[in-house]
Novice: 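Below are the structure tokens for one structure; questions will follow.
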Amino acid sequence: MRKILITNDDGIESDGIRRLAEAAKEFGEVWVIAPESQRSAASHSITLRHPIDVHPFDFSVEGVHAFSCTGTPGDCVRVGVLSIMPEKPDVIFSGINFGFNVASDIQYSATVGAAFEGEFQGILSIAFSEGMNGCHEVTDRYLKEIMAELIDKPYVPGQIWNVNFAHCNLEECKGILRDRLVSRKSFFTDRYKAVEEFSNGGVSLMVDGVFCPQKEEKTDYGAVLDNYVSIGIVKNVC
């Protein structure tokens, strides 16, 4: 039976990973190894200088082997592949992330970072993300269809698959666009605002991004802004 390892960066109790695991059960034996809490924007970081604790977890989807992990999403994939699972998984799913992972934001994404770690381990890896409006109609409609399309793709060194579901109602979704390129744009123009000033001249800063939608043809960013599901390849370090 196909072995599927699932992780995320929103934490093991997130709704997205529960929905992903539920759908994945149709395609094989599912193992969930995910952070104990939120790890967004951790990118492809791993833990080197202190232990990583892994505990069995009472997961909400029946029949799934589940463990929480104190490390990053990248750590979750590493300990899963190298220590926890009795056999190397056939495929790694990361997500479903709360928020798109497209354009230059991919560089910061720990959802994508975990998929990159899977690729480093020589495993077909797929990242799944959706918008933040709380409507799951498009994801629910296309998730299993896209899993079936991608799950038996050959492993290609240096690349992962990246899927983003449109954040609109199903009736507004225009379908799937494949072979999307990674946009060079960004969802937000970042800046920082001062939230506290200290007597020694120091300052406490908080990121304060400004949303700046910019449609580009043939890109992941343009697809989701136009209410399409985006499927594309992201290149890793070869």
Side-chain angles (χ1 to χ4, degrees), residues 4-28 30-44 57 59-61 64 66-69 72-77 80-81 89-103 105-119 123-151 153 159-167 176 180 182 187 220 223-224 229-234 236:
I4 303 168
L5 173 58
I6 294 179
T7 193
N8 72 347
D9 70 3
D10 292 319
I12 196 165
E13 297 187 87
S14 75
D15 178 65
I17 199 169
R18 177 193 60 77
R19 290 161 46 228
L20 186 60
E22 187 69 60
K25 284 173 59 179
E26 186 173 309
F27 297 91
V30 176
W31 292 68
V32 169
I33 303 173
E36 61 180 358
S37 59
Q38 174 66 248
R39 297 289 193 279
S40 291
S43 190
H44 192 170
F57 188 83
F59 198 61
S60 58
V61 179
V64 170
F67 298 82
S68 66
C69 176
T72 67
D75 289 326
C76 292
V77 173
V81 173
D90 299 289
V91 62
I92 290 171
F93 292 157
S94 185
I96 301 168
N97 190 66
F98 182 60
F100 293 130
N101 279 307
V102 299
D105 291 2
I106 287 173
Q107 298 176 88
Y108 305 108
S109 167
T111 303
V112 175
F116 280 163
E117 182 56 43
E119 187 280 314
I123 302 166
L124 171 70
S125 299
I126 307 165
F128 295 93
S129 304
E130 63 184 355
M132 300 176 70
N133 68 344
C135 179
H136 306 310
E137 292 180 7
V138 174
T139 307
D140 293 344
R141 163 63 180 83
Y142 289 107
L143 178 57
K144 288 185 181 180
E145 178 181 325
I146 292 173
M147 279 185 179
E149 177 180 336
L150 300 181
I151 200 166
K153 292 286 188 183
Q159 72 176 40
I160 65 167
W161 290 90
N162 190 36
V163 179
N164 284 270
F165 298 96
H167 63 162
I176 301 172
R180 295 302 91 186
V182 178
F187 257 93
D220 51 5
V224 296
V229 179
S230 170
I231 301 177
I233 288 171
V234 181
N236 204 344

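Atom set for the values below is all heavy atoms of this structure, side chains included, hydrogens, waters and symmetry mates excluded. All values reported here derive from a predicted model rather than from experimental measurement.
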Novice: Using a 4.5 Å cut-off on heavy atoms from C-beta on, say whether the side chain of Ile126 contacts that of Val91.
Specialist: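 The answer is yes, as the side chains (C-beta and beyond) meet within the 4.5 Å cut-off.
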Novice: If you look at every heavy atom in Val229 and Tyr142, which pair is closest and at what distance?
Specialist: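 Residues Val229 and Tyr142, closest heavy atoms: CG2-CD1, 3.9 Å.
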Novice: Inspect the surroundings of OH in Tyr108 and state if more than 12 heavy atoms from other residues, nucleotides or ligands are less than 6.0 Å away.
Specialist: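 No - once you tally the heavy atoms of other residues, nucleotides and ligands closer than 6.0 Å, there are 12 at most.
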Novice: Could you state the interatomic distance from CD (Glu13) to CD (Glu36), rounded to the nearest 0.5 Å?
Specialist: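 One finds 10.0 Å between CD of Glu13 and CD of Glu36.
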Novice: Are the side chains of Ile233 and Trp161 in contact, using a 4.5 Å heavy-atom criterion?
Specialist: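 SC-SC contact between Trp161 and Ile233 confirmed.
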Novice: So do Ile6 and Val32 actually touch side chain to side chain, heavy atoms under 4.5 Å?
Specialist: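 Yes; the side chains approach each other to less than 4.5 Å.
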Novice: Say whether, by atom type as modelled, one donor and one acceptor occur between the side chain of Ser125 and the main chain of Ile92 under 3.5 angstrom.
Specialist: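 No.
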Novice: Less than 4.5 Å apart, any side-chain heavy atom of Pro35 and any of Asp9?
Specialist: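 Contact flag for Pro35/Asp9 side chains = no.
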Novice: Would one find more than 12 heavy atoms of other residues, nucleotides or ligands at under 6.0 Å from atom CD of Gln107?
Specialist: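 It does not: Gln107 CD has 12 such atoms or fewer within range.
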Novice: Distance-only, no hydrogens or angles: does the Asp220 side chain make a donor-acceptor pair with backbone N or O of Ala103 under 3.5 Å?
Specialist: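 Yes.
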Novice: Output the distance between atom OG (Ser14) and atom CZ (Arg19), rounded to the nearest 0.5 Å.
Specialist: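 Ser14 atom OG to Arg19 atom CZ measures 9.0 Å (nearest 0.5 Å).
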Novice: More than 12 non-hydrogen atoms from neighbouring residues, nucleotides or ligands closer than 6.0 Å to CD on Glu137, yes or no?
Specialist: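 Yes.
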Novice: About how many Å separate CZ of Phe93 and CG of Leu124, when rounded to the nearest 0.5 Å?
Specialist: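 Separation between the atoms: 8.0 Å.
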Novice: Take Leu20 and Met147, measure what side chain to side chain contact (heavy atoms under 4.5 Å, CB included) needs, and give me the verdict at the end.
Specialist: CA-CA 10 Å; Leu20 186 60; Met147 279 185 179; 3.3 Å; yes
Novice: With a 4.5 Å heavy-atom cut-off, do Glu130 and Val138 have their side chains touching?
Specialist: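 Contact flag for Glu130/Val138 side chains = no.
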Novice: Does any donor atom in the side chain of Ser37 or Arg39 lie under 3.5 Å from an acceptor atom in the other side chain?
Specialist: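 A donor-acceptor contact under 3.5 Å links the two side chains.
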Novice: Which atom pair, heavy atoms only, marks the closest approach of Ile33 to Cys69?
Specialist: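 Distance-wise, the nearest heavy atoms are CG2-CB, 4.4 Å.
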Novice: Taking all non-hydrogen atoms of both residues, which atom of Ala223 and which atom of Ser230 are closest, and how far apart?
Specialist: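 The pair with the smallest heavy-atom distance is CB-CB, 3.8 Å.
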Novice: Does any non-hydrogen side-chain atom of Glu145 lie less than 4.5 Å from one of Ile176?
Specialist: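 A side-chain contact under 4.5 Å exists here.
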Novice: Can you find a heavy atom in the side chain of His167 that is under 4.5 Å from one in the side chain of Met132?
Specialist: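 No. Closest side-chain heavy atoms not under 4.5 Å.
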Novice: Check Ile4 against Gly28 and note the closest heavy-atom contact, atom names and distance.
Specialist: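 Heavy-atom minimum between the residues: CD1-N, 3.8 Å.
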Novice: Drop me the distance from Thr7's OG1 to Ile17's CD1, to the nearest 0.5 angstrom.
Specialist: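 Nearest 0.5 Å value for the OG1-CD1 distance: 5.5 Å.
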Novice: Might you point out which heavy atoms bring Ser129 and Asn101 nearest each other, and give the distance in Å?
Specialist: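 Shortest heavy-atom contact: OG-ND2, 2.9 Å.
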Novice: Anything under 30° is parallel, anything over 60° is perpendicular, the rest tilted; go ahead and classify Phe165 against Phe128.
Specialist: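 Parallel: the ring planes of Phe165 and Phe128 meet at under 30°.
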Novice: Stepwise, does the side chain to side chain contact (heavy atoms under 4.5 Å, CB included) test hold for Val163 with Leu150?
Specialist: CA-CA 10 Å; Val163 179; Leu150 300 181; 3.8 Å; yes
Novice: Can Ile96 and Leu143 be said to form a side chain to side chain contact (heavy atoms under 4.5 Å, CB included), step by step?
Specialist: CA-CA 10 Å; Ile96 301 168; Leu143 178 57; 3.9 Å; yes
Novice: Please examine the side chains of Arg18 and Asn8, heavy atoms only from C-beta on, and report whether any two atoms are closer than 4.5 Å.
Specialist: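 The answer is no; the side chains never approach within 4.5 Å.
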Novice: Nearest 0.5 Å, please: how far is CG in Asp15 from NE2 in His136?
Specialist: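 One finds 4.5 Å between NE2 of His136 and CG of Asp15.
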Novice: Determine the minimum heavy-atom distance between Phe100 and Gly131, stating which atoms define it.
Specialist: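 Between these two residues, the closest heavy atoms are CE2-N, 3.4 Å.
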Novice: Verify whether one side chain among Ser109 and Asn97 offers a donor that lies under 3.5 Å from an acceptor in the other.
Specialist: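 Ser109 vs Asn97: no donor-acceptor pair found between side chains.
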Novice: Hey, could you give me the CD1/CG distance between Ile231 and Asn162, rounded to the nearest 0.5 Å?
Specialist: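 One finds 10.0 Å between CD1 of Ile231 and CG of Asn162.
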